[in-house]
There are 2 protein chains.
Amino acid sequence: MLTQSEENYLKAIFSLSEHYSEIVSTNLLAEKMKTKPSSVTDMLRKLADKSLVSYLKYQGCELTEKGKESALQIIRKHRLWEVFLVEKLNFGWEEVHDIAEQLEHIKSSKLTDRLDEFLHFPKVDPHGDPIPDCNGKYSNDQKNKKLSSLSLNDEVMITGVEDGSAEFFQFLKHCKIELGTKVKIVAKYNFDQSVLIFINEQEIVLSELVSQKIYVQ
Amino acid sequence: MLTQSEENYLKAIFSLSEHYSEIVSTNLLAEKMKTKPSSVTDMLRKLADKSLVSYLKYQGCELTEKGKESALQIIRKHRLWEVFLVEKLNFGWEEVHDIAEQLEHIKSSKLTDRLDEFLHFPKVDPHGDPIPDCNGKYSNDQKNKKLSSLSLNDEVMITGVEDGSAEFFQFLKHCKIELGTKVKIVAKYNFDQSVLIFINEQEIVLSELVSQKIYVQ
DNA sequence: ATTAATTTTTAGACAAGACTAAAAATTAAT
DNA sequence: ATTAATTTTTAGTCTTGTCTAAAAATTAAT
Ligand SMILES: [Mn+2]
Ligand SMILES: [Mn+2]
Ligand SMILES: [Mn+2]
Ligand SMILES: [Mn+2]
């Protein structure tokens, strides 16, 4: 049985190895977990003892198959609960992450599967992130093209946003950026990689940081 | 902010002071919590520091108003989740307690209140236990008369059962005892306080222990 | 009123998970 | 190839919640 802390580490390693390289360094993981590198070292030992990560001193860590499966089950629960909160309890997509961070640790695969069924087996969560099925399988269609990668005059639809900080959602809300909103690239500014987009009948400038956190298709 | 452990202690003290006396002894609490009296002493100090219980060495403990409120909020969550699991996810009443033990610790009063609304503000949980409202108020109609207190030829309806052990629910399932089932007292045996009841077109003997865990009206 | 039994608390230890400060290993720069 | 900077680990400490064994207080029995 995994502790909540162990589960959070697994999720963090999974996310970092997706975004960066397969092998995750101690410092990067410490930053992600908002903790100290020394604490990470301690935890990596424990996870390695349970064969959830492969870990060699000074070489960083990597999830084992078992570790990847565990991580995906937690991610599955997180995203299903987010769907539940938005679809059934009328929460906004900006409110659900923190509550899902708690709910993802509830231990009952029967509950997870029944919830999945109750929600009619959703394929994506409120932020466009794919939801693994009970075997951990998922397809990533809506989150492979970033708004920042588009060319002039491209017309696309928003299919996902990075899930996380409250300030970011505040900004999205202000611009009325939602899943399904249509966007056209009006101009690209090379000096700071910002883009001018046409959205909701008006033009808005998005910084590079923001445009990298919005996914389109 | 309360830890899960602190919340579990509060719930246990609340339950014991309802069933026995207002003031709860260290040993009784230790038994209920399946832990050692010395651990209870430690915890009572912490809860007293947070003004959740009043505690005097060797005199046992008692919930303060604040402690009672906290306990009721946890019980509220526990029971709402039980309703959710039975009504929405089609769990049996015997399966939900353990999952609710986890869900009751999720911290978000907004979630609790939305869930309450989603379930149409239920007054009782699947075992007939009253659900406190967002202010902690509840009325106890269906759990004040025990089956064991009935007289010969009394005809009643089952309105509640003690929520807890799996073996007990196994037995209830076998006898097809559910909320709403009608029961008549056919005989009472004084030598062991067992009762003979007519239920679901047949006669069954219930031990004193069982008949004290079934509530009627 | 003593003695005996029971209950409760203290003292000391342990595991999990975190932290700081210092040491060691690795990587980068000269 | 050394030296310098960075990364990572070790050593030691802290808190929470638990435990055992021993001491103290309370309650019950003679
Ligand atoms: Mn999320
Ligand atoms: Mn999400
Ligand atoms: Mn229950
Ligand atoms: Mn119940």
Side-chain angles (χ1 to χ4, degrees), chain A residues 1-14 16-17 19-63 67 70-71 74 101-102 104-105 107, chain B residues 1-14 16-17 19-63 67 70-71 74 101-102 104-105 107:
Chain A
M1 258 268 267
L2 301 178
T3 65
Q4 292 204 182
S5 191
E6 289 170 333
E7 292 191 336
N8 286 333
Y9 272 95
L10 290 181
K11 242 191 345 162
I13 298 168
F14 184 90
L16 291 174
S17 56
H19 280 275
Y20 301 85
S21 66
E22 200 77 359
I23 288 168
V24 175
S25 77
T26 301
N27 264 13
L28 190 62
L29 186 48
E31 199 182 338
K32 176 92 174 180
M33 291 296 296
K34 295 187 204 304
T35 185
K36 305 290 161 177
S38 54
S39 305
V40 170
T41 303
D42 287 346
M43 183 54 87
L44 288 180
R45 287 236 165 74
K46 281 174 215 158
L47 294 175
D49 282 348
K50 297 188 175 185
S51 336
L52 294 160
V53 304
S54 57
Y55 164 67
L56 281 166
K57 273 166 82 165
Y58 294 100
Q59 306 301 129
C61 70
E62 187 179 348
L63 287 180
S70 296
I74 304 157
E101 285 289 310
Q102 298 180 63
E104 73 190 2
H105 300 293
K107 280 163 182 64
Chain B
M1 256 269 268
L2 301 179
T3 66
Q4 294 204 180
S5 192
E6 289 169 332
E7 293 192 335
N8 287 332
Y9 272 95
L10 290 181
K11 243 193 343 162
I13 297 168
F14 184 90
L16 290 174
S17 56
H19 280 274
Y20 301 85
S21 67
E22 200 79 357
I23 289 168
V24 175
S25 77
T26 303
N27 265 13
L28 190 62
L29 186 48
E31 199 182 337
K32 176 92 172 180
M33 290 297 296
K34 293 185 206 302
T35 186
K36 304 291 159 177
S38 55
S39 306
V40 170
T41 303
D42 288 346
M43 182 55 87
L44 288 179
R45 288 236 165 72
K46 282 175 213 158
L47 295 176
D49 283 348
K50 297 188 175 184
S51 336
L52 294 160
V53 304
S54 58
Y55 164 66
L56 281 167
K57 272 165 82 164
Y58 294 99
Q59 306 300 129
C61 69
E62 187 179 347
L63 287 181
S70 297
I74 304 157
E101 285 290 309
Q102 299 180 62
E104 72 189 3
H105 301 294
K107 281 165 181 62

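Please read all numbers here as calculations on a predicted model, not as lab measurements. Just so we're on the same page: letters track the sequence lines, and every chain starts at 1.
Between the CD atom of A:Glu6 and the P atom of C:dG17 there is a distance of 5 Å, rounded to whole Å. For the pair A:Asn8 CG and C:dA18 C1', the computed distance is 14 Å after rounding to whole Å. Between B:Lys36 atom NZ and D:dG17 atom C1' there is a gap of 15 Å when expressed in whole angstrom units. Taking atom CG of residue B:Leu44 and atom P of nucleotide C:dT8, one finds them 10 Å apart after rounding to whole Å. Rounding to whole angstrom units, CG of residue A:Asn27 and P of D:dT7 are separated by 6 Å. Here the C1' atom of nucleotide D:dT8 and the CG atom of A:Leu28 are 14 Å apart, to the nearest Å. One interatomic measurement links the two molecules: CD of B:Glu31 to P of C:dT7, which rounds to 10 Å at whole-angstrom precision. Computed from coordinates, the B:Leu29 CG to D:dG17 P distance equals 14 Å when rounded to whole Å.
For the pair B:Leu2 and B:Lys50, the tightest heavy-atom approach, listed with the atom from each and the gap, is CD2-CD, 4.3 Å. What you find for A:Leu52 and A:Ser70 is that their closest heavy atoms are CD2-OG, 3.8 Å.
Contact check, B:Thr3 against D:dG17: a side-chain N or O comes under 4.0 Å of OP1 or OP2. For the OP1/OP2 pair of C:dT9 and a distance below 4.0 Å, the side-chain nitrogens and oxygens of B:Tyr55 include at least one atom meeting the criterion. Here B:Ser5 reaches the OP1 or OP2 of D:dT18: one of its side-chain N or O atoms lies under 4.0 Å away. Within the structure, a side-chain polar atom (N or O) of B:Tyr9 is placed less than 4.0 Å from OP1 or OP2 of D:dT18. Proximity of B:Lys57 to the phosphate of C:dT10: a side-chain N or O atom is located under 4.0 Å from OP1 or OP2.
The residue B:Ser39 sits close to a base: some heavy atom pair falls under 4.0 Å. At the heavy-atom level, A:Thr41 lies under 4.0 Å from base atoms of the strands shown. Here A:Ser38 lies in heavy-atom contact (under 4.0 Å) with a base.
For A:Tyr58, whose side chain is taken as the heavy atoms from C-beta onward, the closest listed nucleotide among D:dT18, C:dT20, C:dT26 is C:dT26. Closest contact between the side chain of A:Lys46 and the listed nucleotides C:dT8, C:dG17, D:dT8 involves C:dG17. You'll find that the side chain of A:Met43 is closest to C:dG17, out of D:dT9, C:dG17, D:dC19.
In B:Lys36, the NZ atom is not crowded: 12 or fewer heavy atoms of neighbouring residues, nucleotides or ligands sit closer than 6.0 Å. Around the CD atom of B:Glu101, the shell of radius 6.0 Å holds more than 12 heavy atoms that belong to other residues, nucleotides or ligands.
Base pairing of D:dT9 is made with C:dA22, judged by Watson-Crick or G-U wobble geometry with both donor-acceptor distances under 3.5 Å. Pairing for C:dA16 is with D:dT15, a Watson-Crick or G-U wobble pair whose two hydrogen-bonding atom distances lie under 3.5 Å. Across all strands shown, the partner of C:dA28 is D:dT3, judged by Watson-Crick or G-U wobble contacts whose two distances both fall under 3.5 Å.
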Could you walk me through whether B:Tyr55 and B:Thr41 satisfy the side chain to side chain contact (heavy atoms under 4.5 Å, CB included) test, starting with their C-alpha distance in whole Å, then the side-chain angles of each, then the deciding distance to 0.1 Å, before giving a yes or no? CA-CA 10 Å; B:Tyr55 164 66; B:Thr41 303; 3.7 Å; yes
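Taking CD1 of A:Ile23 as the reference point, atom CG of A:Leu56 lies at 9.0 Å (rounded to 0.5 Å).
Two residues, B:Gly60 and A:Thr35, neighbour DNA chain C, and the one matched to the more 5' nucleotide by heavy-atom proximity is B:Gly60.
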